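Each remark here refers to the structure printed beneath this line.
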2 protein chains.
Amino acid sequence: MRNQEKDYSGVSVQALWRLPYYLNYIKSLDEAKYSCISAPIIAKALNLNEVQVRKDLAAVSNSGGKPKTGYVAKELISDLEEFLGYNSVDEAILVGVGHLGKALLSYQGFENCGLNILMGFDKDEAIIGTNVCGKQILPLDKLKDLCWRMSVNVGIITVPAKEAQMICDMLVEAGIRAIWNFAPVHLHVPDYVLVQNENLAASLAVLSKNLTESLKEK
Amino acid sequence: MRNQEKDYSGVSVQALWRLPYYLNYIKSLDEAKYSCISAPIIAKALNLNEVQVRKDLAAVSNSGGKPKTGYVAKELISDLEEFLGYNSVDEAILVGVGHLGKALLSYQGFENCGLNILMGFDKDEAIIGTNVCGKQILPLDKLKDLCWRMSVNVGIITVPAKEAQMICDMLVEAGIRAIWNFAPVHLHVPDYVLVQNENLAASLAVLSKNLTESLKEK
DNA sequence: TAGATTGTTAATCGATTAACAATC
DNA sequence: TAGATTGTTAATCGATTAACAATC
């Protein structure tokens, strides 16, 4: 689920979700015009509370901000990137090379976020041996051995809901430490394995519930 | 962002996120064995607090549960589906037919969740006129007219970050009431338009931060 | 009847927001 | 100096959890 208990270097999960938005916003600014950036400006741009942004930045920034001027934009960008782990790359493999799996394998943006998807796995003979964006698609029985050999830490699950737990078990056996789960199911894993759920159905439910309420109000 | 303020029929956003997991779990059970299902059982299966599940179910269920036995599984399933709006279909269009856009256009599961993606739009001449899974890809200048004519309420944005705000403005102009945004940017919209963000970069940040902390502990 | 489960009311916990002194 | 912004401490708000009476 979305809400977890832990804190990361004094930053709550909710705050962690906001950081990429800060980063994106600051990066989008004209460097010449905004060599410095302040919490109130970011707050206004992203529709957030000023104090909230200030607290988030305080937790992330190394050098801190200066009264009246705010933070040096360049420094804040690199502090955010550092904090979000964009500089240290994690190796990942993906299981389930359907439409979504292919989309994730093809997406170039993950490398800038510190994730390198090495290859895909699938059970379908028809796509085994092919490659997607230069990334090889291999049969499931090679998974364990390859993950161990290359000490892969992250597994991405894009298989149908019914197969997700089985694939999850395989990944755990292969020494995976974190799972990015796109199947709309709760996965059972040992304590030391992390699961991050990306549940489109749940997201859609929030959207449609919101929409229904909103249309009612008219 | 994930957290919003509103309540939907007494259900918080956090609770709303849990409902699809309940639904999926109950559906996965053997009907013959589990004609009735109780909050404690669901809680155990999904690693949640018993009282939390009970409260969620109480808010969703029409007939309520019976002490000792729990809820009638069939009724609970249909109550959940009703509450989540899976029975009333919203029409949607998608803008940005790249890898992710294609994946979403091709995904069959959304129909069961009350979302019907009618067609895709893109600016790339090479794919305009083709179709993905039987869904036509049209040029952007047809967007406004078609959305009005078919009274489409939902727009899905799968364009690059830089173009997202511009597309968003187009959608608003086309009378869209809710936007499912896959670009990692904050969108500016009028009050009456809803935005549901699906930020993979943010999700990835949580995962990788978790992983780093977890590996440190060793 | 005994026991499991429901539904509700109260306590806890944590994130957001407000207030304010410090500082460039 | 005056004013904007920082960083911190306290107040508020809401979700989760605990406690307990009601009931099949």
Side-chain angles (χ1 to χ4, degrees), chain A residues 1-19 21-22 26 29 34-73 75-76 79-80 202 206 209, chain B residues 1-19 21-22 26 29 34-73 75-76 79-80 202 206 209:
Chain A
M1 312 262 138
R2 279 300 138 168
N3 284 39
Q4 288 155 28
E5 328 75 30
K6 279 197 212 162
D7 261 32
Y8 316 97
S9 328
V11 173
S12 68
V13 191
Q14 287 88 332
L16 200 42
W17 271 89
R18 290 189 291 268
L19 301 185
Y21 287 92
Y22 300 163
I26 303 167
L29 295 173
Y34 291 90
S35 63
C36 278
I37 183 83
S38 72
I41 291 178
I42 297 175
K44 209 171 227 177
L46 302 183
N47 260 328
L48 296 169
N49 180 287
E50 192 183 308
V51 185
Q52 190 172 58
V53 175
R54 189 147 47 222
K55 267 200 171 171
D56 291 347
L57 295 185
V60 165
S61 170
N62 285 312
S63 41
K66 276 183 192 167
K68 180 103 172 159
T69 51
Y71 293 80
V72 178
E75 285 178 17
L76 192 51
D79 284 346
L80 277 165
V206 177
K209 196 74 195 168
Chain B
M1 311 260 141
R2 276 305 138 170
N3 285 38
Q4 288 156 29
E5 330 74 31
K6 279 197 209 161
D7 259 33
Y8 317 96
S9 327
V11 173
S12 68
V13 191
Q14 288 86 334
L16 200 43
W17 272 90
R18 289 188 290 267
L19 300 185
Y21 287 93
Y22 300 163
I26 303 167
L29 295 172
Y34 291 89
S35 63
C36 277
I37 183 84
S38 72
I41 291 177
I42 297 175
K44 208 170 227 176
L46 302 183
N47 259 327
L48 295 169
N49 180 286
E50 193 183 306
V51 183
Q52 189 171 57
V53 176
R54 191 147 46 220
K55 268 200 169 173
D56 291 346
L57 295 186
V60 165
S61 171
N62 285 312
S63 41
K66 278 183 191 167
K68 180 106 171 156
T69 51
Y71 292 80
V72 178
E75 286 178 17
L76 193 51
D79 285 346
L80 278 165
V206 177
K209 196 75 194 166

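Order of the sequence lines fixes the chain letters, A, B, ..., with proteins taken first and strands second; residue numbering starts at 1 for each chain. Because the structure is a prediction, the values reported are computed rather than measured.
Rounded to an integer number of Å, the gap from A:Lys55 NZ to C:dT17 P is 11 Å. Atom CG in B:Asp56 sits about 10 Å away from atom C1' in D:dT16, given to the nearest Å. A straight line from CD of A:Gln52 to P of C:dA19 spans 17 Å, rounded to a whole angstrom. As rounded to whole Å, 12 Å separates atom P of C:dT17 from atom CG of A:Asn47. Atom CD in A:Gln14 sits roughly 12 Å away from atom P in D:dA15 (whole-Å rounding). Whole-Å rounding puts the B:Leu16 CG to D:dA15 C1' distance at 15 Å. The distance between atom CH2 of B:Trp17 and atom C1' of D:dG14, rounded to the nearest whole Å, is 19 Å.
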Cut-off 3.5 Å, no hydrogens considered: what does the side-chain donor-acceptor table look like for residues 40-60 of chain A, sequence neighbours left out?
unit_1	atom_1	unit_2	atom_2	d
A:Asn49	OD1	A:Val51	N	2.7
A:Asn49	OD1	A:Gln52	N	3.3
A:Asp56	OD1	A:Arg18	NH2	3.3
A:Asp56	OD2	A:Arg18	NE	2.7
A:Asp56	OD2	A:Arg18	NH2	3.3
A:Asp56	OD2	A:Tyr22	OH	2.6

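Here the straight-line distance linking atom CG of B:Leu29 with atom SG of B:Cys36 works out to 12.0 Å at 0.5 Å rounding. One distance of note links CD of B:Gln14 with CG of B:Leu19; it measures 11.5 Å at 0.5 Å rounding.
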Is there any protein nitrogen or oxygen under 3.5 Å from a nitrogen or oxygen in nucleotides 4-7 of chain D, and what are the pairs?
unit_1	atom_1	unit_2	atom_2	d
D:dT5	O4'	A:Lys68	N	3.1
D:dT6	OP1	A:Ala39	N	3.1
D:dT6	OP2	A:Arg54	NH1	3.0
D:dT6	O3'	A:Gly65	O	3.4
D:dG7	OP1	A:Gly65	N	3.0
D:dG7	OP2	A:Tyr71	OH	2.5
D:dG7	N7	A:Arg54	NE	3.1

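Comparing D:dT16, D:dT17, C:dA15 by their nearest atom to the side chain of B:Asn49 picks out D:dT17. The listed nucleotides are C:dA15, D:dA15, C:dT17; the one nearest the side chain of A:Ser12 is C:dA15.
Between B:Leu80 and B:Ile26 the shortest side-chain heavy-atom distance falls below 4.5 Å.
Stem analysis of DNA chain D (at least three stacked-register Watson-Crick or G-U pairs, each with both distances under 3.5 Å) gives C:3-24 with D:3-24.
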Stepwise side chain to side chain contact (heavy atoms under 4.5 Å, CB included) check, B:Glu75 with B:Asn62: CA-CA 8 Å; B:Glu75 286 178 17; B:Asn62 285 312; over 6 Å; no
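By the side chain to side chain contact (heavy atoms under 4.5 Å, CB included) test, A:Ser61 is found to be paired with A:Ser63, A:Tyr71, A:Leu76, A:Asp79, residues two or more places apart in sequence or in another chain being considered.
Summarising the geometry of B:Tyr21 relative to B:Trp17, their closest heavy-atom pair is CD1-O, 3.4 Å, with the distance given to 0.1 Å.
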